[in-house]
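Written below as structure tokens is the structure these notes are about.
Side chains included, hydrogens not; waters and symmetry mates left out as well; all remaining heavy atoms used.
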Amino acid sequence: MQLTLEFGGGLELLCDSVKIHNVSINPENGVGKLVMKDLLSWVRSNLIKERPEMFMKGDTVRPGVLVLVNDCDWELSGQLDTTLEEKDVVVFISTLHGG
């Protein structure tokens, strides 16, 4: 499954300062269905290069990380149970900033 993953608000620093990743992911459950919980696990294992605790807490994103799936807040589409489809765009933005 082809997805575009975007990291912003400082989260790109955890991914070698690369903001946009075009990735191909095979669903883990073998049914051809990929949900956000599976994607987060894949991101932690394959894209996050340092300090994964700044991105995730347990099986989900840390508080303060906004997640958009095709420009829609994932809280409106089921959060970890959100089903992803081919060519979806998933954006992760940290809303916590120093200063």
Under the salt bridge (Lys or Arg N to Asp or Glu O under 4.0 Å) rule, collect the residues that match up with Asp59, sequence neighbours excluded. Lys37
Counting N and O atoms only, with roles assigned by atom type, does the side chain of Glu75 sit under 3.5 Å from a partner on the main chain of Asp73, one being a donor and the other an acceptor? no
Between atom CD of Glu12 and atom NZ of Lys19, what is the distance when rounded to the nearest 0.5 Å? 4.5 Å
Hey, does the side chain of Asn70 reach the backbone of Val89 with a donor-acceptor pair shorter than 3.5 angstrom? yes
Answer yes or no: is there a side-chain heavy-atom contact under 4.5 Å between Val18 and Phe7? no
Is there side-chain contact between Val67 and Val90, with heavy atoms separated by less than 4.5 Å? yes
For the CZ atom of Phe92 and the CE atom of Met56, what is their distance to the nearest 0.5 Å? 9.0 Å
Say you draw a straight line from CG of Leu66 to CG of Leu11; how long is it, rounded to the nearest 0.5 Å? 10.0 Å
To the nearest 0.5 Å, what is the distance between CH2 (Trp74) and CD (Gln79)? 5.5 Å
Okay, side chain of Ser45, backbone of Ser41: is any donor-acceptor separation there less than 3.5 Å? yes
Is the side chain of Thr82 donor-acceptor paired with the backbone N or O of Ser77 at a distance under 3.5 Å, no angle test? yes
When rounded to the nearest 0.5 angstrom, what is the spacing between NZ in Lys49 and SG in Cys15? 8.0 Å
How about Met54: does its CE atom have over 12 heavy atoms from other parts shown lying under 6.0 Å from it? no
Are Leu13 and Val43 connected into the same hydrophobic cluster when the rule is that any two of I, L, V, M, F, W, Y join if their side-chain heavy atoms are below 4.5 Å apart? no
Do Gln2 and Ser24 pass the side-chain hydrogen bond (donor to acceptor under 3.5 Å, both in side chains) test, and can you show the C-alpha distance, the side-chain angles, and the key distance before you say yes or no? CA-CA 5 Å; Gln2 299 291 322; Ser24 179; 3.3 Å; yes
Without swapping roles, check the side chain of Asp88 against the backbone of Glu85 for a donor-acceptor pair under 3.5 Å. yes
Residue list, side chain to side chain contact (heavy atoms under 4.5 Å, CB included) with Met1, at least two apart or on another chain: Leu3, Leu34, Leu84, Glu86
Within this structure, what is the CD-CD1 distance for the pair Glu53 and Ile48, rounded to the nearest 0.5 Å? 10.0 Å
